[in-house]
Amino acid sequence: MPPVLLLAVVFLYPLALVVQQSFTPENGGGALDAYSSVFASTAFREALWTTVWLAFGATAGALVLGFALALVIAFVPFPGARSVAKFIDVFLSFPSFLITLALLFIYGTVGMANGVWTGVTGAADGPFHFLTTPWGVLLAEITYFTPFVMRPLLAAFSQLDTAQLEVAAGLGARPARIVRQVILPEARPALAAGGSLVLVMCLNEFGIVLFTGAKDVTTLPMLIYGKAILESDYAAACVVAVVNIAISVGLFGLYRVVTKRAGA
């Protein structure tokens with residue numbers, strides 16, 4: 001019982017306050033006025049759409065890139081393969097803004113790529129400005145979340161019976177067919193688990209969007225920040241937070257179902 005009470009005080013009580021505040025308009029009115037106002041606003045609809053397409057786009061990119069890189073690490077012998085695999089575990093502990101900062105050093109307005117370009121061509125400005133666009137946010141999210149897909153894939157590949165690969169190769173199967181018919185079926189549970197986890201994390205990502213400084217890219221977490229900190233509209237911020245929490249809990253439930261089936 002004490003652990004349950006501690007959980008309720010530390011975690012559930014603040015969430016309950018957020019939900020309560022969303023039904024408490026600051027200037028009087030009905031309990032659902034804040035919801036009506038937020039749902040009717042263009043800013044909310046655009047933020048919701050931006051959050052959804054960035055999350056699904058980054059998840060799809062991380063799945064494709066993670067699967068390709070995991071294949072190389074697991075099945076293509078090269079010096080340092082084990083070290084690279086171990087680095088994946090270390091990478092998972094990095095904060096997201098660190099990866100974004102590294103990309104800014106390389107592709108930022110005054111980054112290395114633009115510096116090399118202006119140094120070679122003599123131009124006043126470099127051509128790389130995509131980091132301040134939605135595509136820059138997408139690139140940063142794919143870069144950061146790909147290892148979260150690779151980790152379960154590498155674990156799944158380590159359990160794969162190499163005799164199946166040898167038999168398939170001995171029967172004349174090309175590498176693409178071996179990947180499609182032997183490796184991919186074994187990797188599907190890990191892909192599903194990693195993809196569902198990345199989808200949940202992308203939905204709630206805040207640091208990458210903030211640090212890229214992308215113009216006109218407002219996700220739900222950014223909208224919550226703007227409503228609460230910049231506009232002091234706490235009721236609206238809580239409404240957006242409730243929506244964000246509801247979507248996150250739903251996707252987390254999907255993640256638990258997928259991982260349970262993958263384990264089975």
Side-chain angles (χ1 to χ4, degrees), residues 52-96 98-100 102-103 105-107 112-113 128 130-131 133-203 205 208 212 251 254-255 258-259 261-263:
V52 169
W53 84 258
L54 276 177
F56 277 94
T59 300
L63 285 172
V64 174
L65 183 59
F67 183 69
L69 293 178
L71 281 177
V72 173
I73 295 174
F75 301 111
V76 179
F78 65 92
R82 289 186 177 181
S83 299
V84 173
K86 291 180 179 179
F87 177 74
I88 297 300
D89 293 332
V90 178
F91 188 94
L92 299 182
S93 65
F94 288 175
S96 58
L98 185 62
I99 305 305
T100 310
L103 290 176
F105 281 139
I106 299 174
Y107 297 110
M112 294 172 54
F128 302 104
F130 62 89
L131 279 183
T133 70
W135 304 111
V137 176
L138 187 63
L139 172 64
E141 291 192 351
I142 292 174
T143 302
Y144 178 70
F145 289 112
T146 292
F148 289 85
V149 174
M150 295 175 63
R151 187 64 190 87
L153 280 174
L154 290 174
F157 291 161
S158 67
Q159 303 297 323
L160 184 64
D161 187 2
T162 56
Q164 300 180 44
L165 306 180
E166 295 172 358
V167 170
L171 293 175
R174 294 180 178 275
R177 186 176 182 182
I178 294 175
V179 171
R180 186 175 65 255
Q181 296 186 352
V182 180
I183 298 177
L184 185 57
E186 298 293 332
R188 281 173 182 165
L191 281 171
S196 56
L197 175 62
V198 169
L199 186 61
V200 174
M201 297 176 69
C202 286
L203 183 74
E205 180 55 43
I208 288 177
T212 55
L251 290 177
L254 174 64
Y255 166 71
V258 169
T259 52
R261 291 183 177 180

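The shown structure was predicted, so the numbers you read here are calculated from the model rather than taken from an experiment.
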- Task: Tell me, with the steps shown, if Val84 and Leu69 meet side chain to side chain contact (heavy atoms under 4.5 Å, CB included).
- Result: CA-CA 11 Å; Val84 173; Leu69 293 178; over 6 Å; no

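- A pairwise comparison of heavy atoms in Leu153 and Ala70 identifies CB-CB, 3.9 Å as the closest pair.
- Annotation: Phe94, atom CZ; neighbour count of heavy atoms from other residues, nucleotides and ligands within 6.0 Å is above 12.
- Going from atom CG of Leu199 over to atom CZ of Phe56 covers 5.0 Å, rounded to the nearest 0.5 Å.
- A side-chain donor-acceptor contact under 3.5 Å links Glu205 to the backbone of Ile208.
- You'll find the side chain of Leu98 reaches within 4.5 Å of the side chain of Pro95, heavy atoms only.
- Taking all atoms of both residues into account, the shortest heavy-atom contact from Thr59 to Cys202 is OG1-SG, 4.4 Å.
- More than 12 non-hydrogen atoms from other residues, nucleotides or ligands lie less than 6.0 angstrom from CZ of Phe67.
- More than 12 heavy-atom neighbours from other residues, nucleotides or ligands sit within 6.0 angstrom of CH2 on Trp53.
- Summarising the geometry, atom CZ belonging to Phe145 is positioned 14.0 Å from atom CG belonging to Leu65; distances are rounded to the nearest 0.5 Å.
- Rounding to the nearest 0.5 Å places OG1 of Thr100 at 12.0 Å from CZ of Phe105.
- Distance alone, capped at 3.5 Å, places no donor-acceptor pair between the Thr146 side chain and the Thr143 backbone.
- Rounded to the nearest 0.5 Å, atoms CG (Leu71) and CE (Met150) are 10.0 Å apart.
- We find the CD-CG distance between Gln159 and Leu154 to be 12.0 Å, quoted to the nearest 0.5 Å.
- When all heavy atoms are compared, the tightest approach of Leu191 to Leu63 is O-CD2, 3.5 Å.
- Going from atom OG1 of Thr212 over to atom CG of Leu131 covers 7.5 Å, rounded to the nearest 0.5 Å.
- Considering Val198, Leu197, Leu203 in turn, Leu197 is the only one that fulfils the side-chain contact (heavy atoms from CB on, under 4.5 Å) rule with Met201.
- Within the 3.5 Å criterion, the main-chain N or O of Leu139 finds no donor-acceptor partner in the side chain of Tyr144.
- Of all non-hydrogen atoms in Ala190 and Ala156, the two that sit nearest each other are CB-CB, 4.0 Å.
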